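Only one structure is covered here, and it is reproduced in the block below.
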Protein chains: 2
Amino acid sequence: MWPAFLDRYSGVPLYYQIQQHLLEEIRSGSWKAGRAVPSEQEIAQRLGVSRMTARHALKSLCNLGAAYSQHGKGTFVSGLKFEKNFRQVLSFSEEMRSRGTRPQSKVLQFRQAESDNEVAEALHIGLGEKVFVLHRVRLADSSPLCVECTHIPVRLCPELQKKFKPRMSLYKCLLENYGMQIDFADEVAEASLATAEEARLLRVPKKAPVFRFTRTAYLRNGKPVEFVRSVYRGDRCKVVNRLSRRMEFSGERAKL
Amino acid sequence: MWPAFLDRYSGVPLYYQIQQHLLEEIRSGSWKAGRAVPSEQEIAQRLGVSRMTARHALKSLCNLGAAYSQHGKGTFVSGLKFEKNFRQVLSFSEEMRSRGTRPQSKVLQFRQAESDNEVAEALHIGLGEKVFVLHRVRLADSSPLCVECTHIPVRLCPELQKKFKPRMSLYKCLLENYGMQIDFADEVAEASLATAEEARLLRVPKKAPVFRFTRTAYLRNGKPVEFVRSVYRGDRCKVVNRLSRRMEFSGERAKL
DNA sequence: AGTCCCCACTTGTATAGACAACTGAACATA
DNA sequence: TATGTTCAGTTGTCTATACAAGTGGGGACT
């Protein structure tokens, strides 16, 4: 079926090479939904790796949502469009580009201020501690999509105001100047109506339907870095969510 | 620190016992955010298991979001309220109860119909194939929260109309009568305004802000079982989402 | 003081082998 | 025909070991 494709001296982990290879077969559509993926045994023999390594590859494939395993039966292609499988934290720029639309943003304000209650709690800082406040209108293909108000503790990046240029991605700026990489974020969405001010900025009628988001973004170690309030046009935005019951081998599940 | 707590003959996997024990320490708050979790070595020695088993326990802990590992340094408590960490697919009844509110629902209609375009596509059935349509108003603490319209292919559970009683959980009914357990779901939310009809059922003013959801629920093998259109009151509902950049060892990440 | 090297500790990857538990089909029995 | 058994194939768990690779500290040297 497949020839030996492993490169043992490339520095790329074997299980990862295997995972990528299987992923490619699935992604390209040559393996259809429900089809059995090669068994741990088979992978191990064919590629000359240990069963545990093959297993690791399959497990990581399952974690991505591209496949699922059944005890005693095998591992199967899951038949999901796994591009949509887990939402990544993308910066606005990245997200727009990944959809093929041209991102722009207009800075309304960039100033320092004192944290209010909600901001302080979200960012785990003291009430009144200094934060940068970056107020922007975000455009997609030259037409307004949302109004965003970002809060970042001054303490974490004291010279942000010098480093940050209006055209650049904030996340990129944080990464390159302070080594801070956003790893995950919590978002809360509410359905609401546009205020007069928001309606003007978004170019929609007053009381048009909008999403009101609050979002807290964290580093890998769980430290909050950014708190954002934003208002999205309801007619240009959908929120996609994957809900899952899965967790690592809940004993309860087996007993049901 | 902790005594030996493993039961090697209980049938419960060792790594799972360990994971649960660590989870308890974190959950209870005795281990604060950022604290180092015992190393693989230490767990292995103290509990008399192999390092790979200890590792398995730690890894599953990380998958739950309760901790994170750093190559060369150790594994640390993540400092997240991990109840909120991943949204589970809960049935309406479960979800309400888990928030301590009393769920009720009023059935408006329960009939058979032919699938329209959107339904057919979501459920992977033919256009016009028979589906059950269950139209309900959902109440929380006796006041309306949403209007829901569920579609389920007749073919999957031909006697659902007999088996299903208005008071019971639909998911429970599917599980007990047909062995179908919902494993995950995709949801899309839009911000919108209530129609006259919806406003009446939800007891809100016309044009009040609402969420419009479409949701497709799947079995473990990726088979779609249920497609739901629902309208939630904007003033009683928030959508919580965790976005994550993590995936199983993306090579790119290391190089950044 | 600073710089480099080495060492101990950590997680990451990989191997080889063992047994348990589950599935489904082929087979034997009543 | 129906039922139970056996068996091969599969995933799940666990052990023991080895080496690679990243981190951080202490110590030696400059």
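Per chain, numbering begins at 1; letters A, B, ... match sequence-line order. Worth saying up front: this structure is predicted, and the values here are computed from it rather than measured.
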Quiz item: How close or far is atom C1' of dT13(C) from atom CD1 of Ile18(A), stated in whole angstroms?
Solution: 12 Å
Self-check item: Distance below 4.0 Å between Thr75(B) side-chain N/O and dT11(C) OP1 or OP2
Solution: yes
Quiz item: Between Ile43(A) (CD1) and dT11(D) (C1'), how many Å, whole number?
Solution: 12 Å
Quiz prompt | Euclidean distance, atom OH of residue Tyr68(A) to atom P of dT10(D) [Å, nearest integer] | solution = 16 Å
Self-check item: Approximate separation, where rounding is to 0.5 Å, of Leu47(A) CG and His21(A) NE2
Solution: 8.5 Å
Exercise. Using a cut-off of 6.0 Å, state whether more than 12 heavy atoms not belonging to Glu121(B) lie near its atom CD.
Key: no
Quiz item: For dT13(D), does OP1 or OP2 lie under 4.0 Å from any side-chain N or O of Tyr15(B)?
Solution: yes
Quiz prompt | Per-nucleotide protein contact string for nucleotides 17-22 of chain D (B base, S sugar-phosphate only, - none; heavy atom under 4.0 Å) | solution = BB--BB
Quiz item: Can you check the Lys59(B) NZ to dC14(D) C1' distance for me, whole Å?
Solution: 16 Å
Self-check item: Phosphate contact (dC9(C) OP1 or OP2) by Ser39(B) side-chain N/O below 4.0 Å
Solution: no
Self-check item: Options dA14(C), dT13(D), dT10(C), nucleotide nearest the side-chain atoms of Pro13(B)
Solution: dT13(D)
Practice problem: Would you kindly give the CG-to-P distance between Leu6(B) and dT13(D), to the nearest whole Å? | Solution: 15 Å
Quiz prompt | For atom OH of Tyr16(B) and atom C1' of dC14(D), their distance in whole Å | solution = 18 Å
Quiz item: Taking atom P of dT13(C) as reference, at what distance in whole Å does atom CZ of Arg8(A) sit?
Solution: 15 Å
Quiz item: For Thr53(B) and Gln41(A), take the nucleotide of DNA chain D holding the closest heavy atom to each; which residue's nucleotide lies nearer the 5' end?
Solution: Gln41(A)
Quiz item: To the nearest 0.5 Å, how far apart are OG in Ser39(A) and CD in Gln45(A)?
Solution: 8.0 Å
Quiz item: Does the side chain of Tyr218(A) pick up a donor-acceptor pair with the side chain of Glu226(A) at under 3.5 Å?
Solution: no
Self-check item: Rounded interatomic separation in angstrom, taking CD from Glu40(A) and P from dA14(C)
Solution: 15 Å
Exercise. Establish, with yes or no, whether the OP1 or OP2 oxygen of dG12(C) is under 4.0 angstrom from a side-chain nitrogen or oxygen of Arg55(B).
Key: yes
Quiz item: Are side-chain heavy atoms of Met180(A) and Leu175(A) found at a separation under 4.5 Å?
Solution: no
Self-check item: Glu129(B): partners by side chain to side chain donor-acceptor pair (under 3.5 Å), with sequence neighbours left out
Solution: Arg155(B)
Quiz item: Can you list the residues that meet the side chain to side chain donor-acceptor pair (under 3.5 Å) rule with Ser28(A), with sequence neighbours excluded?
Solution: Ser30(A)
